[in-house]
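The figures here come from the full heavy-atom set of this structure, side chains too, leaving out hydrogens, waters and symmetry mates. All chains are named by letter (A, B, ...) in the order of the sequence lines, taking the proteins before the strands, and each is independently numbered beginning at 1.
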Amino acid sequence: DAKTTQPPSMDCAEGRAANLPCNHSTISGNEYVYWYRQIHSQGPQYIIHGLKNNETNEMASLIITEDRKSSTLILPHATLRDTAVYYCIVRVPSDYGGSQGNLIFGKGTKLSVKP
Amino acid sequence: NAGVMQNPRHLVRRRGQEARLRCSPMKGHSHVYWYRQLPEEGLKFMVYLQKENIIDESGMPKERFSAEFPKEGPSILRIQQVVRGDSAAYFCASSQKTGDHYGYTFGSGTRLTVV
């Protein structure tokens with residue numbers, strides 16, 4: 001699985017959009033970009049994933065550049081409860097031949113949402 | 001619609017004792033994964049199991065650690081003769097039989113403290 005690079009920490013004002021970047025310059029054609037977050041003392045939570053098109057769900061939006069070498073997770077209206085460590089992971093889903101279960105979590109970005 | 005259930009939430013063991021951690025996957029999920037998170041570090045994959053089978057144990061320490069997922073009942077991660085270095089949060093995740101394209105669901109973890 002490709003490696004990712006994320007800033008170690010970011011601050012965001014409550015109610016504003018939080019934009020979390022991720023670089024994955026060595027991503028291969030069949031690797032998807034996944035985002036998880038871990039709120040303090042809890043298990044990781046799946047947020048969103050995508051291949052090359054922008055994706056949106058009830059939690060967030062994922063913007064992937066045309067060359068797929070970087071992406072941005074957008075929390076449109078951050079709340080205090082969004083304070084967490086956010087992990088960007090690139091991998092091939094097992095449905096398409098990837099190894100199952102072995103998610104490689106880096107250090108992530110610690111997002112602090114401030115009132 | 002219960003998620004992944006782990007128990008106990010907190011476990012204290014003296015050095016040399018055995019620790020047993022339990023995980024019940026989400027309803028409809030037949031694949032279970034165990035991860036370990038040492039203090040101030042990221043999550044590390046340990047083992048991937050299906051019912052009655054260990055599929056990938058590449059992340060498991062060679063000694064003292066074992067895992068099972070019997071035909072009936074929860075998955076068990078067993079640590080024999082615990083040492084202080086085993087103190088960590090242990091997370092279980094599950095996914096659908098059809099594949100992990102839509103990510104993993106994690107439990108709230110068991111925090112093991114070895115005194």
Side-chain angles (χ1 to χ4, degrees), chain A residues 1 3-9 22 30-53 55-60 62 71 73 84-111, chain B residues 3-7 9-10 21 23-26 29-50 53-60 67 69 75 88-111 113:
Chain A
D1 292 339
K3 290 185 178 179
T4 62
T5 304
Q6 298 178 253
S9 64
C22 179
N30 59 350
E31 287 182 312
Y32 283 65
V33 181
Y34 286 81
W35 284 83
Y36 286 77
R37 73 180 181 183
Q38 187 175 24
I39 296 171
H40 182 62
S41 298
Q42 298 182 23
Q45 177 188 23
Y46 163 82
I47 301 172
I48 198 167
H49 75 284
L51 181 64
K52 53 184 176 181
N53 297 320
E55 303 287 342
T56 296
N57 63 21
E58 65 279 3
M59 288 184 68
L62 174 60
S71 60
L73 178 75
V85 178
Y86 287 77
Y87 298 98
C88 169
I89 299 170
V90 293
R91 64 186 302 269
V92 179
S94 67
D95 321 49
Y96 307 133
S99 61
Q100 195 147 346
N102 194 350
L103 299 180
I104 300 175
F105 287 88
K107 294 191 180 299
T109 295
K110 187 172 184 177
L111 176 68
Chain B
V4 176
M5 305 300 292
Q6 289 188 251
N7 66 80
R9 287 296 305 274
H10 300 275
L21 290 64
C23 169
S24 295
M26 196 165 172
H29 287 188
S30 57
H31 298 189
V32 166
Y33 317 86
W34 286 92
Y35 284 75
R36 177 167 66 173
Q37 186 170 33
L38 295 169
E40 305 303 322
E41 293 191 15
L43 289 92
K44 303 292 185 188
F45 169 78
M46 298 181 75
V47 62
Y48 158 36
L49 309 104
Q50 297 177 18
N53 282 306
I54 297 174
I55 307 302
D56 179 359
E57 55 181 349
S58 58
M60 285 275 274
F69 189 14
S75 174
Y90 292 83
F91 292 98
C92 170
S94 69
S95 70
Q96 297 176 341
K97 179 180 179 180
T98 52
D100 59 9
H101 186 249
Y102 293 99
Y104 297 86
T105 302
F106 282 81
S108 297
T110 293
R111 276 137 195 91
T113 302

A.B. asks: Enter the distance from B/Lys44:NZ to A/Asn102:CG here, rounded to the nearest 0.5 Å.
C.D. replies: 10.0 Å
A.B. asks: Rounded to the nearest 0.5 Å, what separation is found between the CG atom of A/Leu103 and the OH atom of B/Tyr33?
C.D. replies: 8.5 Å
A.B. asks: Could you have a look at A/Gly106, A/Gly43, A/Pro44 and say which one has the most heavy-atom pairs with chain B under 4.5 angstrom?
C.D. replies: A/Pro44
A.B. asks: Can you tell me which portion of B/Tyr104 sits under 4.5 Å from chain A's heavy atoms? Options are side chain, backbone, both or neither.
C.D. replies: both
A.B. asks: Mark yes when over 12 heavy atoms from residues, nucleotides or ligands other than A/Met59 sit less than 6.0 Å from its CE; otherwise mark no.
C.D. replies: yes
A.B. asks: Chain A heavy atoms under 4.5 Å from B/Gln37: which part of the residue, side chain, backbone, both or neither?
C.D. replies: side chain
